[in-house]
Number of protein chains: 2
Amino acid sequence: MTVKLYISANEVAERAGVSRSAVSRTFTPGASVSPETRRRVMEAADALGYHVNHLARGLMRNESGIVCLVVSEVATPYRSALLSMLTQKLQNAGKVAMLVNTDRSDGSVDRALKQAIRYRAEASIIMSGLPDKSITQLCLKNGQRLVLINRDDDQVGTLRINLDDYEAGSKIVTAFLRAGCRRLAFANSEAGTPSLMARGRGFIEAAKRLGLDVVVERYGWTGYEAGQVLARRLLTREERPDGVFCATDLLACGFMDTARREFSVVIPKQLCVAGFDNIEQAAWQSYDLTTFAQPVEDIATEAVRWLDAVPSHDIHRVQLHADLVWRSSIRGG
Amino acid sequence: MTVKLYISANEVAERAGVSRSAVSRTFTPGASVSPETRRRVMEAADALGYHVNHLARGLMRNESGIVCLVVSEVATPYRSALLSMLTQKLQNAGKVAMLVNTDRSDGSVDRALKQAIRYRAEASIIMSGLPDKSITQLCLKNGQRLVLINRDDDQVGTLRINLDDYEAGSKIVTAFLRAGCRRLAFANSEAGTPSLMARGRGFIEAAKRLGLDVVVERYGWTGYEAGQVLARRLLTREERPDGVFCATDLLACGFMDTARREFSVVIPKQLCVAGFDNIEQAAWQSYDLTTFAQPVEDIATEAVRWLDAVPSHDIHRVQLHADLVWRSSIRGG
DNA sequence: ATCGCCTTTGCAAGCGTGTGCAAATGCTGC
DNA sequence: GCAGCATTTGCACACGCTTGCAAAGGCGAT
């Protein structure tokens with residue numbers, strides 16, 4: 001019981017009393033159609049409920065208008081914020097977003113990405129740490145343009161968007177010092193993504209230049225629970241740190257909660273904390289966390305802008321700045 | 001400088017020394033190909049890096065494999081969790097997710113949805129409150145199947161997934177009573193979505209049956225800030241409530257923070273709080289919020305299952321149960 | 001060897017669109 | 001009225017794929 005569903009340009013043409021080409025041209029910006037013909041076509045199209053079939057158009061033009069977003073941990077505050085911004089900007093640019101979720105690495109990642117290739121996506125925006133080099137190469141080999149967000153792949157013909165993580169790391173040292181902290185620590189996850197590592201290096205090396213050692217502790221995945229575990233580890237040391245830089249706001253939230261509940265630490269009086277990402281929860285009163293803001297909107301803007309730029313075979317790099325957002329989790333300010 | 005990008009079935013056929021039909025059939029499950037031919041085709045396809053063009057396949061078969069997800073407030077914990085689950089299940093079902101973001105109601109909603117129609121999406125899953133009836137009708141008229149999550153449209157040929165919001169609302173009353181609360185309040189947003197309203201009705205009517213009045217306060221959008229405002233309104237009343245049901249976890253978080261900071265209220269000793277959604281933050285130690293869990297996985301499962309079911313012209317309804325998750329924001333338990 | 005049946009294969013039509021090309025049309029200036 | 005030009009229009013092919021149909025091939029039973 002297949003039902004007749006979509007209207008084709010043929011039917012519109014027939015109803016409008018013109019050729020099918022006229023219909024096609026009416027819906028192709030910049031094509032040559034007389035005002036009168038266009039009017040009649042539009043009238044017929046509206047009456048029939050005609051919508052250009054982008055599958056067919058993509059087939060002809062060899063450009064689908066589809067952009068593939070490869071994301072892991074979609075349900076995380078930072079990721080979902082970025083995703084939201086990206087889809088909005090893509091829509092405004094007349095593109096359409098195809099979402100590939102790379103959680104659950106049961107091979108479905110590879111499967112889903114291939115799926116995107118089959119739909120001839122024009123580009124992929126990868127904001128997941130997971131997909132390895134072989135997968136990005138798969139995209140490139142199939143002529144997709146590639147945007148890599150906070151990754152360190154070096155592939156020709158791609159756009160790499162990174163932050164000044166290193167500078168952020170070193171900048172927060174001076175903030176801790178001004179607050180009178182002397183025993184610094186860096187709380188990191190075991191996910192050694194380049195941006196996390198760079199934050200740590202910037203922090204550690206700036207501290208060393210000022211004659212301070214940094215205790216580094218790493219555990220688990222970059223989430224709330226990891227922050228709790230890291231707090232237990234760091235706060236049971238005989239030399240308890242008094243200034244902790246958490247690689248991520250989520251980590252920081254877990255850290256602060258456990259520091260208060262299990263160790264009765266008063267923040268920022270006895271312990272100063274900083275995070276990274278500026279997720280919405282960082283502004284919640286329970287945390288009021290000093291942190292670096294991911295320039296989510298700029299990232300999205302750059303990515304989408306590059307999609308419309310002329311392709312080239314260089315590596316295009318953009319480094320964006322993460323603003324320091326002062327809140328009360330560090331003394332002074 | 002257009003580059004030759006994708007491999008077509010023709011080239012594979014040529015290299016394998018078979019006809020193009022053979023290639024097509026090799027990649028069509030259930031088609032009749034001899035093992036030997038299949039082997040040779042696969043070999044050639046791998047060597048050349050061939051991927052079936054789904055634009056063309058969709059054109060022929062008149063089924064695109066694309067499912068359109070219409071979402072607003074993607075960056076919200078509950079929504080992003082649902083989105084993540086849905087994309088995973090869709091991928092496992094061999095479908096591909098197209099994301100339409102309906103924030104920023106500058107007409108881009110309509111534009112984006114039309115975009116999905118142009119790609120001949122097989123179905124749309126709507127988890128946004130925003131798109132009005134006319135838009136859902138647009139989808140239906142174009143032969144898309146429609147899944148409506150927590151909405152109250154009544155359209156033929158759709159699947160409606162709802163929760164037992166009303167029961168949840170009445171169930172939480174007994175929890176408050178057992179904790180000794182007598183002055184109940186319902187903190188709601190001004191977004192009068194059916195599920196929010198049903199929670200409130202269940203709460204209010206159950207309380208009335210037990211001889212208790214409920215103070216209802218509404219403000220703004222369903223977020224953290226609204227919770228703060230609602231706390232200020234409710235806690236400055238001469239009869240300060242001692243049991244507050246927040247329509248949403250986000251509301252509850254804002255409520256609790258402001259209750260503690262600005263009114264020095266001790267939870268749950270002086271004030272019991274409950275929420276709805278069971279977002280990740282509800283489990284954070286600062287809140288430890290008693291709440292009802294959105295059955296995210298079940299919702300996704302039902303939606304995807306229905307997509308594979310035989311179409312019918314009935315309204316198909318599924319009501320799922322929201323489990324009560326006991327935490328320490330209510331005394332006793 | 002012949003027949004009937006089942007599996008495999010190639011041919012060709014068709015899906016809905018874009019676009020080069022040539023023909024047709026309208027308009028301007030003589 | 002006609003030449004010259006710019007604009008508009010229709011024809012027909014192409015895009016990459018699926019699939020009905022008929023021909024071809026394989027194989028056992030007669």
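Residue numbers begin at 1 in each chain, while the letters A, B, ... track the order of the sequences.
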Legend entry - Nearest-angstrom distance from the residue atom CG of B:Leu55 to C1' of C:dG18: 14 Å
Legend entry - A:Arg39 bridged to A:Glu43 by N-O distance under 4.0 Å: yes
Inset, instruction - Considering just the side-chain nitrogens and oxygens of B:Arg61, establish if one lies under 4.0 Å of OP1 or OP2 belonging to D:dT19. - result: yes
Inset, instruction - Please state how far atom CZ in B:Phe27 lies from atom C1' in D:dT19, giving the value in whole angstrom units. - result: 17 Å
Inset, instruction - Quantify the bending of the helix from C:dA1-D:dT30 to C:dC30-D:dG1 as the angle between its end axes, each fitted on five pairs, to 10°. - result: 40°
Inset, instruction - Select one nucleotide: of D:dG10, D:dT18, C:dT17, the one nearest the side-chain heavy atoms of A:Ser8. - result: C:dT17
Legend entry - Under 4.0 Å protein heavy-atom contact, by nucleotide of nucleotides 21-26 of chain C - B base, S sugar-phosphate only: ------
Legend entry - Lys/Arg-Asp/Glu bridge criterion (N-O < 4.0 Å) met for B:Arg57, B:Glu63: no
Legend entry - Output field: ring centroids A:Phe27/A:Tyr50 closer than 6.0 Å: yes
Legend entry - Flag, side chain of B:Arg79 to backbone of B:Ser72, donor-acceptor distance under 3.5 Å: yes
Inset, instruction - Under 4.0 Å between any heavy atoms, over every strand shown, what does B:Tyr50 touch: base, sugar-phosphate, or nothing? Just pick one. - result: sugar-phosphate
Legend entry - Shortest non-hydrogen separation from B:Trp221 to B:Glu73 and the atoms involved: NE1-OE2, 2.8 Å
Legend entry - Strand contacts (DNA chain C) in residues 29-45 of chain A, 4.0 angstrom heavy-atom criterion: none
Inset, instruction - Calculate, to the nearest 0.5 Å, the distance between atoms CG and CE belonging to A:Asn101 and B:Met85 respectively. - result: 10.0 Å
Legend entry - For atom CE of A:Met60 and atom P of C:dT17, their distance in whole Å: 12 Å
Inset, instruction - Determine the contact category for A:Val52: base if any of its heavy atoms lies under 4.0 Å from a base atom, sugar-phosphate if only primed atoms, P, OP1 or OP2 are that close, otherwise nothing. - result: sugar-phosphate
Inset, instruction - For the side chain of A:Ser19, starting at C-beta, report the closest nucleotide among C:dT17, D:dG10, D:dC17. - result: D:dG10
Inset, instruction - Pick out which of B:Leu86, B:Val304, B:Ile299, B:Ile161 makes a side-chain contact (heavy atoms from CB on, under 4.5 Å) with B:Val147. - result: B:Ile161
Inset, instruction - Could you tell me whether the side chain of A:Ser21 has a donor or acceptor atom within less than 3.5 Å of a complementary atom in the base of D:dC11? - result: yes
